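Working notes, structure below.
Any value given below was found using the heavy atoms of this structure, including those in side chains, with hydrogens, waters and symmetry copies removed. Just so it is clear, the structure is predicted and the values come from calculations on it, not from any experiment. Each chain gets a letter, A, B and so on, in the order its sequence line appears, and its residues count up from 1.
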Protein chains: 2
Amino acid sequence: MTDKKESILSAALELFAHEGYNATSTSQIAKKAAVSEGLIFRHFKNKKGLLAALMEDAEARISKIFAPVIFESSPKNVIRKVILLPFSIDQSEYDFWRLQFILKWQQEYNNPLKMKPLIDKLAWAFSELGYEEPEEEARLLNQLIDAISTGILREGLESQLPFKAFLLKKYSV
Amino acid sequence: MTDKKESILSAALELFAHEGYNATSTSQIAKKAAVSEGLIFRHFKNKKGLLAALMEDAEARISKIFAPVIFESSPKNVIRKVILLPFSIDQSEYDFWRLQFILKWQQEYNNPLKMKPLIDKLAWAFSELGYEEPEEEARLLNQLIDAISTGILREGLESQLPFKAFLLKKYSV
DNA sequence: GTATTATTAGTGAGCACTCACTAACTATGT
DNA sequence: ACATAGTTAGTGAGTGCTCACTAATAATAC
């Protein structure tokens, strides 16, 4: 991958995440990336292709983040690690996650199945811990994590910080 | 308000909610509303003004929905009513709420203070019921309601239905 | 010397918005 | 009662501009 290609990707990510896909023009991207506009189309064919390239990273990144939870063998640690997930995201990755969350509102990119492995693992953990309805507990916590992540991205990490200790205590993990 | 003006508003709401604001052109709106394109600008000055008109309704609608909770005097009923909120939204209002949730990602329209009265009332209810950290509990439940509403709008009412009974039971309301 | 990477200079389509105008209605003067 | 004057609602072709995208050409690398 050439420097300029990467530069296009990072400029596009930043603009898509903050202005939105449709509100961002290819000329803006080229300008921010300090690159000719034509180069975008050489590397990514079209604007949609550029977005698709950004989304390809998503799969890998999400798997990487989920891995420590999936391979955790202690039920309590599973829940603990899930609760800590949104608080462990590095600020340099906010744009990436912002884009993910914005695109969830566009059918084309909304795929709830992405979360399946995590929810299954959570359900297993709750089941192990003797919760009455582990499936519901798992999906509930997942929704909560989603909501807290949204809160962090929209209102900053500090705004959600109280939930960290609170949830760990609530679930006794 | 004339028929055509209302027709413009409802066409714009539908398109903005499903395609997004930037992805919707004024000509599309005019076509869907069966109205000349110029009329949009006579009534709303510009495209932003049309969106602003749609958002003006929001304040009123949100207050109306919150009222039964705010004026509830029984703590348990406050919590119960809040949990039931997202499940009581009529399908004819989905577009309206979709637009609200999409716009939350645009700083300009993201105003967390809208929820303040509801959270305060919830905190009062949790406090009355002897919860240890009523403030956190209130904000947590609020986040959950937000997440469930999101789930309903994105994946349908049925997908979130299990949470209804589950939450009512969990909070013993 | 020939791929590959890049720039430059376009292109037509579609965008938000304007403008000159008409039609229908309302208020006023006699 | 009726002409006159003024206002509001509505039209649709036209505006300049920006859009995503392309083709020809240049620079660079191996």
I'd like to know whether CD of A:Glu128 has more than 12 heavy-atom contacts from other residues, nucleotides or ligands below 6.0 angstrom. yes
Cation over ring, A:Arg61 on A:Phe96, under 6.0 Å and within 45°? yes
By a strict heavy-atom criterion of less than 4.0 Å, which residues belonging to residues 6-28 of chain A are in contact with DNA chain C? none
Residues that B:Asn46 engages under side chain to side chain contact (heavy atoms under 4.5 Å, CB included), provided they are two or more places apart: B:Lys48
Taking OP1 and OP2 of D:dT8, is either one under 4.0 Å from a side-chain nitrogen or oxygen of B:His43? no
May I ask you to evaluate whether B:Lys4 reaches the phosphate of D:dG10, defined as a side-chain N or O under 4.0 Å from OP1 or OP2? no
Distance check needed: D:dC21 C1' versus A:Leu39 CG, whole Å only. 14 Å
Starting from C1' on C:dG14, measure out to NZ on B:Lys31 and report it in whole angstrom. 13 Å
Considering only heavy side-chain atoms of B:Lys47, the closest of D:dG10, C:dT8, C:dC17 is C:dC17
B:Ile29 CD1 to C:dC17 C1', in whole Å, measures 13 Å
Please give, in whole Å, the distance from D:dA9 P to B:Asp3 CG? 12 Å
Does one side chain, of A:Gln160 or B:Gln143, offer a donor that lies under 3.5 Å from an acceptor on the other? yes
For A:Gln28, is the CD atom crowded, meaning more than 12 foreign heavy atoms sit under 6.0 Å from it? yes
note: A:Phe41, atom CZ; C:dG10, atom P; distance rounded to Å ~ 18 Å
Cation-pi between A:Arg98 and B:Trp105: NZ/CZ under 6.0 Å from ring centre and within 45° of the ring axis? no
Taking the nucleotide of DNA chain C with the nearest heavy atom to each, does B:Arg42 or B:Asn46 sit closer to the 5' end? B:Asn46
Would you mind reading off the distance between A:Lys45 atom NZ and D:dT22 atom P, rounded to a whole angstrom? 8 Å
Atom-pair distance (CD on B:Glu37; P on C:dC17), nearest Å: 10 Å
What is the distance, rounded to the nearest whole Å, between atom CD1 of B:Ile40 and atom P of C:dC15? 12 Å
Do A:Thr26 and A:Glu37 pair up side chain to side chain, a donor and an acceptor below 3.5 Å, judged on atom types alone? yes
